[in-house]
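A single structure is presented below for examination.
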Amino acid sequence: MKKPIILGLMLLSSVVMALSFNVSKKETKTEPLMVVKDSIASVAAFKQVYAVLMSPRCMNCHPAGNVPLQGDDSHLHTMLPKRGVEGKGVLAMKCSNCHQAENTPGLHTPPGNPNWHLPPDNMKMVFQGRSANQLAKQLVNPKQNGNKGMKELIAHADDGLVLAGWNPGEGRSLPPISHAEFKKAWLKWLQTGAFAPAK
Amino acid sequence: MNRRNFIQSSAVLGGGLLISFTIPQANKLAALSQPTATSGFTPNAFLNIGADNTITVTLSHVEMGQGIWTTLPMLIAEELDVDLKKIIVKHGGPDKALNHTVFGVQITGGSSTTWSEFDRYRYAGATARIMLMQAASKKSGTDLKDCKAENGIVIAGKNKYTYGELAADAALLPIPERPQLKKPAEWKYIGKGNKRLDASVKTNGSAVFGMDIKLPGLLTAVVAHAPVFGGKVKSFDSTKAMLVPGVKQVVQIPTGVAVIAEHYYAAQQGKKVLSVVWEDGIGAQLSTVKQAAEYKKLAATDGLTAQKKGDAAAGISKSAKVYKAEYVFPYLAHAAMEPLNCTVRIDGDGCEIWTGTQLPAAEQASAAKILGFAPEKVKVNIPFLGGGFGRRATPVTDFVSEAVHIAKNSGKSIKMVWSREDDMKGGHYRPFFVHNVQVGLNSEGLPVAWKHNIVGQSIMQAATPAFGAPKTPIDSTSVEGVMGSPYLTQVPDHFVGLHNTEEVVPVLWYRSVGHTHTAYVMETMIDELAKSSGQDPVAYRQRLLADHPRHLAALNLVAEKGEWKKTLPKGRFKGIAVNEAFGSFVAVLAEVSIADGQVRVHKIDCAIDCGLAVNPDGVKAQTESGIVFGLTMALYGELTLEKGKLQQNNFYDYRIARMHESPEINVFIVDSNEKMGGAGECSVPPTAPAIVNAIFTATGKRIYNLPIANHKLIQQ
Amino acid sequence: MEKLTLTVNGLAREVNVDPNMPLLWVLRDLLGLTGTKFGCGVAQCGACTVHVNGEALRSCVTKVSRAVGQQIITIEALSENNDHPLQLAWAELDVPQCGYCQSGQLMSAAVLLREKPNPTDQDIDDAMSGNICRCGTYPRIRAAIHKAAKMQQEGVKP
């Protein structure tokens, strides 16, 4: 059991490092880190965030089970690829066997990203089935969000896989709002205290 | 062949032993009677024995997975007495000598290869063996009765000759009339376990399919087809397509616009930027929702009489209880794994074609007509077929004609390759069908009146180019399984009616043809009647099928082997169905559970009575195959149209059952001396009804329209 | 167009291609390795499965540029003499019917067997559900994988 956990942590930390390098430049330019608590504004911002996270483009890779979801109706991925320890699939069905570094051209072809994967087995970060209240709490809990602190959470808005949601490939709907609007709502939610809605 | 013959032969002439025929007389063909070192001894169209002892068997039917690459050579190996494993097998091209012994045209279909060739191929082997023995007798001066042929050698007294050594002499002998065949007790191959002769070439990539044809200078062609059925090209602009590296030519053909390139990728890139303006035509008016509504309306009225006894309406009005149901079945695509393709090379006044086809002579005739050549100037080579299921037996020769047009109009040697999307949207589907059924029951819950109307397109009408115009408007492929149903024979008042419809969508036989829907209706309705009157579905069927011993044999065997009476663990449910198709009788027992609104099929037990099972493991393999095919049809099979455009594209929206959905399957062969039937299609029909009958037990819900995936299932 | 050098079945092969061309068509149409099949073009059916650095890649959606510098193995080189335990088990149990999907099935199964020398039915589901067989040979594929696992343990050389 030890080995997979270590692997999982290594993976996470490398992702976080890469991302924090990326975002630190942007941070200083635009977004102040200061938190001014405002529960009403925060909950209102989270409403927008939640709509995005529960859209097929985000939720499909944050399934409740160990099989990703597919399509605008979020059905189980047809050939039932399994999450695996690292979230990268198993055996002859590893994610990158089909999912390339970029979207494959054509209707309903596999969408792509160099880092295409599910959350790992020891940090599933489930969205599917979560209420707004549950998801909001989960997102700011380092034990459930992949050890992300405020800085990493802010940076996560520009994560490559998050951005992939707005470049879904032919035949797939976009999240309900643009990435810019999402990022704005996400930051607003965090900077107003990351309050969880009542339900 | 006329359709009446087709019906009778598929329904009645199921017994290979009963079919009389003559072996094509090779000595009438000068070329064959003059042996040379290379041509060897060819006693008939099916067999050649080389001086080097090679035994080559030519198949009158084609291998598309069903295993006749092994079964037909088995029949010759048996009578010729040679090692089956050493036989070289090849597909025959168009040749009247290879016509179907019953259907009269050259076709692989109707689950008929083994029974229809059982005698001819055995006689082909036996004839050669006698002639080889005669040659040995003459050569050695030994009396014929002291000669013995065994495992490729004739022992003539003290002399031993290999078949190859005798081939040249044997070829000069007159062909004996009707040699003695082996008795069943002497069989070494028939009825025994035989490994497929094509297994190893299909495990290392060396098996050649139509898609794999290589010729010097061969280009690849892809086609932009009308998006609406029946649509035509209005105009097109190939400027951008021609700029794609590798694209060589863009030509218009009757069915669209072809892009010809150095390879498939370039051709597809060219097709993507090809601009075509289409004339949709009346096809644009066709939508599934509208079609279903129209068909339902028609099904509520009496169609042309297919079968009638007494007065169904009157019978129903005086029945103790009446059940009514309306069933809807969607169009289905065959979706063989190898997308349709065809290679054509035209050379002066000759043409050569390479394609996986179930109808070689029809393809040849069409190509000849398009090119203005004599048919014999068109050579058709048939590699392995990457699945057929009926789609490669298209009487209108759609894909081969299309490829010939491309070669003709471009002047190039081309391999036309359809994408999966082309293949799926290419029409020639299992027709859309609606059934309207009313059944009157007596106080014992037994059917006493039955009114049944069926609405759909006629496949035999569509098959006219190869089989001639239908002589009766009652297309047996639309009503088979209802017409002639063992359940109906004892219903005093019954009526089976048929409404033939016409649509722009071309239709075709699809593995098990009419039984795909008729068995579903009959077997789910019988189940409904049994359960509604509180009777055990097996016991109820046993009672109704009392005078149908072969149905009963299959039903009883599966009930015994599948332990019908045993209580299943909690959450597991079973269902049963039995059906006759293509001369074989198949019963299926399905075990299912329900989770997340869907069914999971855990186990299928199946019994088949096909008469003598020539290659028992082959029968089992085909039966397993048909069950998985039936499972896919039941779970997912559905094509839909909107404004004449097919809505499905590829396997993501036309799903095929996969490994994780494939149940444990146990096949039991009824020990039977009855007339031989088929194997390839026969287990498809009872699979879907057995599954939904189990679903009913689990959920209390009856499914009147397929596929099951459209229904949310909740366990009771 | 670019000149790319690929390592296919242990041999260096030079091709002059659009780097976006799927590996499948490079193998089939340029290198003549037709054992790898085209079934769907969108990574749904697995007929085009090849090994790229040991992984069961769907070559129909893999750009040839991704395979540069990698070890590409196709069905033609799964074994030297058609004697990989899987190939032997496939023939022994008469797995193939039409045979069109079987190259892909075998290439997927080979990765499964390498990573799980003694696979369970669940492992087989997890590894093999990406390969469609329209002939429905799944029960025999399952049995053959179990048989090959046993053969491998008993020392049939891979």
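Each chain gets a letter, A, B and so on, in the order the sequences are listed, and its residues count up from 1.
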Item checked: From C:C40 atom SG to B:N649 atom CG, the distance as rounded to the nearest 0.5 Å ->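 Separation between the atoms: 12.0 Å.
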Notebook entry, point to check: Between B:M337, B:M211, B:E421, which shows the greatest number of heavy-atom pairs under 4.5 Å with chain C?
Noted result: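 Between B:M337, B:M211, B:E421, the count favours B:M337.
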Checklist line | Any donor-acceptor N/O pair, C:N82 side chain to B:V201 backbone, under 3.5 Å | finding: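 No, C:N82 side chain to B:V201 backbone: no donor-acceptor pair under 3.5 Å.
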Note to self: Report which part of B:A207 has an atom under 4.5 Å of a heavy atom belonging to chain C: side chain, backbone, both, or neither.
What the structure shows: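 Answer is backbone: N, CA, C or O of B:A207 sit under 4.5 Å from chain C.
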Note to self: Less than 3.5 Å apart, any donor N or O on the side chain of B:Y265 or C:D18 sitting next to an acceptor on the other?
What the structure shows: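 Yes, a side-chain donor-acceptor pair sits under 3.5 Å.
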Note to self: Is B:T220 in contact with chain C via its backbone, its side chain, both, or neither, using a 4.5 Å heavy-atom distance?
What the structure shows: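 The side chain, not the backbone.
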Item checked: Non-hydrogen atoms of C:F38 and B:W418 that approach each other most closely ->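 In this case the closest contact between C:F38 and B:W418 is CE2-O, 3.7 Å.
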Checklist line | Where C:C135 and B:F389 come nearest, the two heavy atoms and their spacing | finding: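 Shortest heavy-atom separation between C:C135 and B:F389 comes out as SG-CZ, 4.2 Å.
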Notebook entry, point to check: What residue, out of B:E262, B:E63, B:Q622, has the most heavy-atom pairs lying under 4.5 Å from chain C?
Noted result: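 Most heavy-atom pairs under 4.5 Å with chain C: B:Q622.
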Notebook entry, point to check: Do C:L30 and B:H263 pass the side-chain contact (heavy atoms from CB on, under 4.5 Å) test, and can you show the C-alpha distance, the side-chain angles, and the key distance before you say yes or no?
Noted result: CA-CA 8 Å; C:L30 301 185; B:H263 44 67; 3.7 Å; yes
Check: Non-hydrogen atoms of chain C under 4.5 Å away: do they reach the side chain of B:M64, the backbone, both or neither?
Finding: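 When you check distances to chain C, only backbone atoms of B:M64 fall under 4.5 Å.
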Item checked: Backbone of B:R658 reached by a side-chain donor or acceptor of C:S129 within 3.5 Å ->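 Such a contact is absent between C:S129 side chain and B:R658 backbone.
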Note to self: Which atoms of B:K195 are under 4.5 Å from chain C, going by heavy atoms: the side chain, the backbone, both sets, or neither?
What the structure shows: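 Both parts, backbone and side chain.
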Note to self: With a 4.5 angstrom heavy-atom cut-off, is it the side chain or the backbone of B:D423 that approaches chain C, or both, or neither?
What the structure shows: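 Neither part, no heavy atoms under 4.5 Å.
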Note to self: Distance to the ring centre below 6.0 angstrom and angle to the axis at most 45 degrees; does that hold for C:R134 and B:F629?
What the structure shows: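 Yes, a cation-pi geometry.
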Next item on the list: State, to 0.1 Å, how close B:S662 and C:Y138 come at their nearest heavy-atom pair, and which atoms those are.
Entry: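 What the structure gives for the nearest pair is OG-CB, 3.3 Å.
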Checklist line | Interface residue of largest heavy-atom contact number with chain C, from B:L631, B:T632, B:D617, under 4.5 Å | finding: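 Most heavy-atom pairs under 4.5 Å with chain C: B:D617.
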Next item on the list: Using atom types as modelled and distance alone, determine if a side-chain donor or acceptor of B:R420 lies under 3.5 Å from a backbone N or O of C:G41.
Entry: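 Such a contact is absent between B:R420 side chain and C:G41 backbone.
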Margin query: Tell me whether the count of non-hydrogen atoms from other residues, nucleotides or ligands lying under 6.0 Å of NZ in B:K192 goes above 12.
Written below: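 Atom NZ in B:K192 is packed in, count exceeds 12.
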Checklist line | Over all atoms of both residues, closest heavy-atom pair of C:G39 and B:P339 | finding: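 The pair with the smallest heavy-atom distance is O-CG, 3.8 Å.
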Notebook entry, point to check: When only pairs under 4.5 Å are counted, which of B:A266, B:A621, B:G618 shares the most heavy-atom pairs with chain C?
Noted result: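 Top option by heavy-atom pairs under 4.5 Å: B:A621.
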Item checked: C:Y100 and B:F209 aromatic ring geometry - parallel, tilted or perpendicular at 30°/60° bounds ->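 If you compare the ring of B:F209 with that of C:Y100, the planes turn out perpendicular.
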Notebook entry, point to check: Can you say whether C:Q122 sits under 4.5 Å from chain B via the side chain, the backbone, both, or neither, judging by heavy atoms?
Noted result: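 Looking at C:Q122, nothing touches chain B.
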Margin query: Run the salt bridge (charged side-chain N to carboxylate O under 4.0 Å, His left out) test on B:E338 and C:K37 for me, step by step, so that the C-alpha distance in whole Å, both residues' side-chain angles and the decisive distance to 0.1 Å come before the verdict.
Written below: CA-CA 8 Å; B:E338 181 193 13; C:K37 300 302 186 210; over 6 Å; no
Check: If we only count heavy atoms from C-beta on, is the B:E664 to C:P139 side-chain gap below 4.5 Å?
Finding: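 When only atoms from C-beta onward are counted, C:P139 and B:E664 do not touch, as no gap falls below 4.5 Å.
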Next item on the list: Counting only heavy atoms closer than 4.5 Å, note whether B:S200 contacts chain C via side chain, backbone, both or neither.
Entry: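 Both parts, backbone and side chain.
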Notebook entry, point to check: Is any side-chain heavy atom of B:D212 closer than 4.5 Å to a side-chain heavy atom of C:R28?
Noted result: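 Yes, at least one pair of side-chain atoms sits under 4.5 Å.
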Check: Distance from B:N204 atom CG to C:S79 atom OG, nearest 0.5 Å?
Finding: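 Rounded to the nearest 0.5 Å, the CG-OG separation comes out at 7.5 Å.
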Check: Could you give the distance from CG (C:L93) to CZ (B:R196), rounded to the nearest 0.5 Å?
Finding: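 C:L93 atom CG to B:R196 atom CZ measures 13.0 Å (nearest 0.5 Å).
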Checklist line | Top of B:A335, B:P663, B:G387 for chain C proximity - count of heavy-atom pairs under 4.5 angstrom | finding: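 Maximum pair count with chain C is reached by B:A335.
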Next item on the list: Measure the CE-CD1 distance between B:M659 and C:I124 for me, rounded to the nearest 0.5 Å.
Entry: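 Output value for this atom pair is 6.5 Å.
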Next item on the list: Would you check, one step at a time, whether the test side-chain contact (heavy atoms from CB on, under 4.5 Å) holds for C:L106 with B:T203?
Entry: CA-CA 7 Å; C:L106 283 157; B:T203 58; 3.9 Å; yes
Next item on the list: Pick one of side chain, backbone, both or neither for B:A336, based on which atoms fall under 4.5 Å of a heavy atom in chain C.
Entry: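 Just the backbone, heavy atoms under 4.5 Å.
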Note to self: Heavy-atom cut-off 4.5 Å, strictly under: side chain, backbone, both or neither for B:N650 against chain C?
What the structure shows: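 Side chain only.
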Item checked: Residue B:I665 versus chain C: region with a heavy atom under 4.5 Å ->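 It is the side chain, since no backbone atom gets that close.
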Note to self: Heavy-atom pairs under 4.5 Å with chain B - which of C:L33, C:V26, C:D29, C:T137 has more of them than the others?
What the structure shows: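 Looking at each option in turn, the highest pair count goes to C:D29.
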Margin query: Quick one, C:Q97 and B:Q66 - any side-chain contact, counting heavy atoms below 4.5 Å?
Written below: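 SC-SC contact between C:Q97 and B:Q66 ruled out.
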Next item on the list: Just do the side-chain contact (heavy atoms from CB on, under 4.5 Å) check on B:Q269 and C:M21 with the steps written out, would you?
Entry: CA-CA 10 Å; B:Q269 295 297 104; C:M21 183 166 172; over 6 Å; no
Check: C:C98 and B:G386: which non-hydrogen atoms are nearest, and at how many Å?
Finding: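 Nearest pair, atom of C:C98 first, then B:G386: SG-C, 3.4 Å.
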Margin query: Let's test your reading of the structure: which of C:P96, C:A91, C:G136 forms the most heavy-atom pairs below 4.5 Å with chain B?
Written below: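 Of the candidates given, the most pairs with chain B belong to C:P96.
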Next item on the list: Examine whether an atom of C:L86 lies under 4.5 Å from a heavy atom of chain B, and if so say whether it belongs to the side chain, the backbone or both; otherwise answer neither.
Entry: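 Neither the backbone nor the side chain of C:L86 comes within 4.5 Å of chain B.
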Note to self: Using heavy-atom distances under 4.5 Å, tell me whether B:N341 contacts chain C through its side chain, its backbone, both, or neither.
What the structure shows: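 Looking at B:N341, nothing touches chain C.
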Checklist line | Top of B:G356, B:G246, B:G626, B:A199 for chain C proximity - count of heavy-atom pairs under 4.5 angstrom | finding: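 Result: the option with the highest number of such pairs is B:A199.
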Item checked: Residue, of C:G130, C:G99, C:G35, that accumulates the most heavy atom pairs under 4.5 Å with chain B ->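 Among the listed options, the one with the most contacts to chain B is C:G99.
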Note to self: Please classify the contact between B:V208 and chain C as side chain, backbone, both or neither, with a heavy-atom cut-off of under 4.5 Å.
What the structure shows: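 Neither part; nothing is under 4.5 Å.
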Note to self: Between C:D94 and B:K202, does any side-chain N to carboxylate O distance fall below 4.0 Å?
What the structure shows: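 Judged by the 4.0 Å cut-off on N to carboxylate O distance, C:D94 and B:K202 do not form a salt bridge.
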